[in-house]
Amino acid sequence: MVRQDLASGRVDGVVTRFPPEPNGYLHIGHAKSICLNFGVAREFDGRCNLRMDDTNPATEDVEYVDSIVEDVNWLIAGWADHCFSLKPTGALPERREIDGRLDYFIAPVMATQSLGRKLEPFYASDYFEALYEYALELIRRGKAYVCDHTPEEVDFMRGAPDQPGLESKYRNRSVAESLDLFQRMRAGEFPDGTRTLRAKIDMASPNVWLRDPVLYRIRHASHHQTGDAWCIYPMYDYAHEFEDYIEGVTHSFCTLEFEVHRPLYEWLLEALDLPRPLPRQREFARLNLTYTVMSKRKLLRLVQEGHVQSWDDPRMPTVSGMRRRGYPAEAVRAFCDRIGVAKRENIVELSLLEHFVRDELNRHSPRVMAVLRPLRLVIENYPEDQVEEFAAVNNPEDAAMGTRRVPFSRVLYIEQDDFREVPPPKYHRLSPGVEVRLRYAYLVTCTDVVKDPQTGEIIEVHATYDPATRGGDAPDGRKVKSTIHWVSAAHAVDAEVRLYDTLFSVENPDDAPEGRDFTDTLNPASLETLRGCRLEPSLANAVPGARYQFERLGYFCVDTQDSRPGAPVFNRTVGLKDTWAKIQKRQRKR
RNA sequence: UGCCCCGUGGUGUAACGGUAGCACGACUGACUCUGGAUCAGUUAGUCUAGGUUCAAAUCCUGGCGGGGCAACCA
């Protein structure tokens, strides 16, 4: 479509916009919209405006503005910054005339070319004056009128979808009277809800949005950007297309539910005889993901009711949550690219998102050894005080990432999961009499199991090593079935590790059965906190946000909120694919 | 109920009216000092009934199914 518009000469450049309302945090659904809008701008060498659609002071807050700016920057950094347009802080649209026709226009500044000027997002609230002027013009043209009906009356008179509405008795009052009343609405002469400005369209239209929709309402409320300057605020349907127009937007992409609003979007634009090309609205289906919810209302409830700790809780599908969880922005973008844009309702599998996260992390994150649930392994025939260092590869996918040295000694920790006194079928790891490889170190054979005399719990495993297998290869060419990771007890770094699982235990928490709430299907095991985890010493100075692969376990990142030097906290971003887990699952089913 | 939109493998998404393709998942196998990665392969799809056409996922009509819309929210 964009290509067609360019080819036909309808527009000579592409301008899109991402227009969130600052009443919540951005989530993966917004990420899709961001990728669409910035992606189109990028593809056609255009630009994309970040705009706060702040026309309802009751629900909005600057806290959200700040988070939105941060999230957008994070998501597009290194990808679309060159088409990211903002405006100088405090700039307002310029009032001008083109061919004798009234026009408002606001000039963008590319984020990469600020030239020292302070920049900020566009704000719908910056256009309140322009919007007001346009409203006056609408009244003069007989296309809008002030209506004195109460909200209840208006609601009733709208009729039903299959029944025409009733015309307001104020519909035909004179232009002069409407003008006067509207000016007095602005002046604050009337209390909330007493009057509205309405478009004069068609009360019998089969499209309910064309039945003289409300354009302005009276709200004596303080706005987070304009303070108390206004007591009338424009409705979304009135404001949005003019916001697009003022910014010179060519393509206005929004979600499906606005499809029925499109005739209104176009009607308002055409009602005014505007001198520049008009923006065009097109719709696409919003994103749904399995095992999560996406509506701002539900996300807000999760936060407010304490089901998660915050908007950036790593279990949240918010952009900030994903960032804290360790998802790379590249992975989120690759995901958005793959899911495509269409008008069909969809529920994308979480596994697709995780695929891109693993794909990105696999190529770029350094490998490291960490033991989450430690089990002592004593190498009986290894000298008591000896310490050796082995070279470990940082990333087999990228030789340029080099190697590091890992200390080895007589007492090690291995993963509890990597030892079974009685191995189940197909279990290749350590068990009595079995030889395995300690990664990068030696081949060891399990000789003994030490149990707590009281509880019978395995507290220690003994083994012998073969000195000839130094580095991990046997000179006689014998093979072992398994390689396990380990950490030298004396050198280990102690850490807390948080394991995350899906927030919900059902694929689609949105369709809770009647009488049930989506919170009923919350997964009680979505967070498991492990303390006393043992990490290899190279992790002692890991910086917040740093991402690693813990070999054989998954990808982990240093938590940006709770990690402290000397007391590191790691979040599991996503586990490695685990065929052993699959085998186990299958065995359990039998 | 009125209007609008949408129906392609389990999931998501492609295909000027001309061989239904790609990705994820699942399943086999190969390889492996990560039961990771990689590689090879298998599985499985045009909602339905008519019509137009040499030819229909694509165009037309009906049916069926799903979704949206009746805030002074966005």
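The model shown is predicted, which means the values in this text are computed figures rather than measured ones. Chain letters run A, B, ... following the sequence lines, proteins first and then strands; every chain starts at 1.
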Problem - Shortest side-chain distance from A/Asn346, nucleotide among B/C72, B/C27, B/U13 - result: B/U13

Exercise for the section: Select base, sugar-phosphate, or nothing to describe what A/Lys296 touches, counting heavy atoms under 4.0 Å on all strands. Expected result: nothing

Handout entry: Pairwise P distance for B/C60 and B/C4, with rounding to whole Å
Key = 14 Å

Practice task
Classify the side chain of A/Arg367 and the base of B/U34 as holding, or not holding, a donor-acceptor pair under 3.5 Å.
Solution key: yes

Problem - A/Arg338 side-chain proximity, nearest of B/A74, B/G25, B/C22 - result: B/C22

Problem - Phosphate-side-chain proximity, A/Arg158 and B/A71, N/O vs OP1/OP2 below 4.0 Å - result: yes

Exercise for the section: Using atom CD of A/Glu283 as one end and atom C1' of B/C69 as the other, report the distance to the nearest whole Å. Expected result: 13 Å

Fill in the blank from the handout: Taken to the nearest 0.5 Å, the spacing of A/His240 NE2 from A/Asp53 CG works out to 5.5 Å

Handout entry: Aromatic ring proximity, centroids under 6.0 angstrom, A/Tyr127 and A/Tyr134
Key = no

Handout entry: Contact list for residues 188-204 of chain A, test side-chain hydrogen bond (donor to acceptor under 3.5 Å, both in side chains), sequence neighbours left out
Key = A/Asp148-A/Arg195, A/Arg184-A/Glu189

Practice task
Could you state the atom-to-atom distance from NZ of A/Lys585 to C1' of B/C27 in whole Å?
Solution key: 14 Å

Problem - P atoms of B/G2 and B/G62, separation to the nearest Å - result: 14 Å

Exercise for the section: Would you mind checking if A/Asp359 and A/Arg363 are paired as a salt bridge, meaning a charged N to carboxylate O distance below 4.0 Å? Expected result: yes

Problem - Euclidean distance, atom NE2 of residue A/His428 to atom P of B/U32 [Å, nearest integer] - result: 15 Å

Problem - Pairwise C1' distance for B/A55 and B/A20, with rounding to whole Å - result: 15 Å

Practice task
If the plane angle is over 60° it's perpendicular, under 30° parallel, otherwise tilted; pick one for A/Phe390 and A/Phe408.
Solution key: perpendicular

Handout entry: Closest listed nucleotide, where the reference is the side chain of A/Asp162 and the choices are B/G2, B/C69, B/C72
Key = B/G2

Exercise for the section: Indicate, with a heavy-atom threshold strictly under 4.0 Å, whether A/Leu576 touches base, sugar-phosphate, or nothing. Expected result: base

Problem - Inter-nucleotide P distance (B/G18, B/C64), Å rounded - result: 31 Å

Practice task
Hey, which sits more toward the 5' end of RNA chain B by its nearest nucleotide, A/Ser351 or A/Glu345?
Solution key: A/Ser351

Exercise for the section: Look at the side chain of A/Val214 and decide which nucleotide, out of B/C72, B/A71, B/G35, has an atom nearest to it. Expected result: B/C72

Problem - A/Arg186 to A/Tyr132 six-membered ring, cation-pi geometry met (6.0 Å, 45°) - result: yes

Exercise for the section: Tell me the stems RNA chain B sits in, counting at least three consecutive Watson-Crick or G-U wobble pairs, each under 3.5 Å on both distances. Expected result: B:2-7 with B:64-69, B:10-13 with B:21-24, B:26-30 with B:38-42, B:47-51 with B:59-63

Exercise for the section: Count the heavy atoms of every other residue, nucleotide or ligand shown that sit under 6.0 Å from CZ of A/Arg286, and state whether that count exceeds 12. Expected result: no

Exercise for the section: With C1' as the reference atom in both, quote the distance from B/U38 to B/U32 in angstrom, rounded to an integer. Expected result: 9 Å

Problem - Atom C1', compared across B/C31 and B/A40: separation rounded to whole Å - result: 11 Å

Practice task
Mind checking A/Phe356 for me? I need base, sugar-phosphate or nothing, with any heavy atom below 4.0 Å counting as a touch.
Solution key: nothing

Handout entry: OP1 or OP2 of B/C72 under 4.0 Å from side-chain N/O of A/Thr150
Key = no

Practice task
Syn or anti for B/A49, please, going by whether the chi angle lies within 90° of 0.
Solution key: anti

Completion exercise
Closest to the side chain of A/Arg344, out of B/G2, B/U8, B/G36, is B/U8

Problem - ring centroid sep under 5.5 Å plus plane angle under 30, A/Trp580 with B/G35 - result: yes

Problem - C1' atoms of B/G9 and B/C72, separation to the nearest Å - result: 48 Å

Handout entry: Ion pair A/Glu388/A/Arg470, N-O distance below 4.0 Å
Key = yes

Problem - Touch class at under 4.0 angstrom, heavy-atom based, for A/Gln549 against every strand present - result: base

Exercise for the section: Nearest whole angstrom, please: distance from the P of B/A74 to the OH of A/Tyr64. Expected result: 16 Å

Problem - Nearest listed nucleotide, side chain of A/Lys577, among B/C69, B/G25, B/A74 - result: B/G25

Problem - Length of the line joining A/Arg262:CZ and B/C6:P, which is rounded to integer Å - result: 10 Å

Handout entry: Spacing between A/Tyr427 atom OH and B/G35 atom C1', to the nearest angstrom
Key = 11 Å

Exercise for the section: Would you kindly give the CG-to-P distance between A/Asp148 and B/C72, to the nearest whole Å? Expected result: 16 Å

Handout entry: Whole-Å distance separating the CZ atom of A/Arg217 from the P atom of B/A71
Key = 14 Å

Exercise for the section: Classify the nucleic acid contact of A/Glu21 as base, sugar-phosphate or nothing, counting any heavy atom under 4.0 Å across all strands shown. Expected result: sugar-phosphate

Exercise for the section: Report which part of the nucleic acid A/Pro396 touches: base, sugar-phosphate, or nothing (heavy-atom distance under 4.0 Å, all strands). Expected result: base

Handout entry: Distance below 4.0 Å between A/Arg552 side-chain N/O and B/G35 OP1 or OP2
Key = yes

Exercise for the section: Might you point out which heavy atoms bring A/Thr469 and A/Pro475 nearest each other, and give the distance in Å? Expected result: CG2-CD, 4.4 Å

Practice task
Name the nucleic acid region contacted by A/Phe258, choosing base, sugar-phosphate or nothing; use a 4.0 angstrom heavy-atom cut-off, strictly under.
Solution key: base

Practice task
Give A/Val480 one of three labels, base, sugar-phosphate or nothing, depending on what nucleic acid heavy atoms sit under 4.0 Å from its own.
Solution key: nothing

Handout entry: Test applied, side-chain hydrogen bond (donor to acceptor under 3.5 Å, both in side chains); reference residue, A/Tyr25; option that passes from A/Lys296, A/His30, A/Glu63
Key = A/Glu63

Handout entry: A/Gln163 (side chain) and B/U1 (base): donor-acceptor pair under 3.5 Å
Key = no

Handout entry: From A/Leu375 atom CG to A/Leu377 atom CG, the distance as rounded to the nearest 0.5 Å
Key = 7.5 Å

Completion exercise
Testing B/G36, B/G35, B/A74 for proximity to the side chain of A/Asn362, the answer is B/G36

Handout entry: Out of B/G35, B/C27, B/A71, whichever nucleotide has its closest atom nearest the side chain of A/Arg429
Key = B/G35

Completion exercise
Picking from B/A74, B/C72, B/G25, the nucleotide nearest the side-chain atoms of A/Arg219 would be B/C72

Exercise for the section: Give one of base, sugar-phosphate or nothing for A/Asp155, where a contact means two heavy atoms less than 4.0 Å apart. Expected result: sugar-phosphate

Handout entry: Sidechain N-carboxylate O distance under 4.0 Å for A/Arg552, A/Glu415
Key = no

Completion exercise
Closest to the 5' end of RNA chain B, once A/Ile218 and A/Pro206 are matched to their nearest nucleotides, is A/Pro206

Problem - Euclidean distance for P, B/A56 against B/C24 (whole angstrom) - result: 33 Å

Problem - Any donor-acceptor N/O pair under 3.5 Å between B/G36 base and A/Glu397 side chain - result: yes

Practice task
Would you state whether a donor and an acceptor, one from the side chain of A/Glu349 and one from the base of B/G10, lie under 3.5 Å apart?
Solution key: yes

Handout entry: A/Ile583, nearest nucleotide to its side chain (from B/G35, B/A74, B/G25)
Key = B/G35

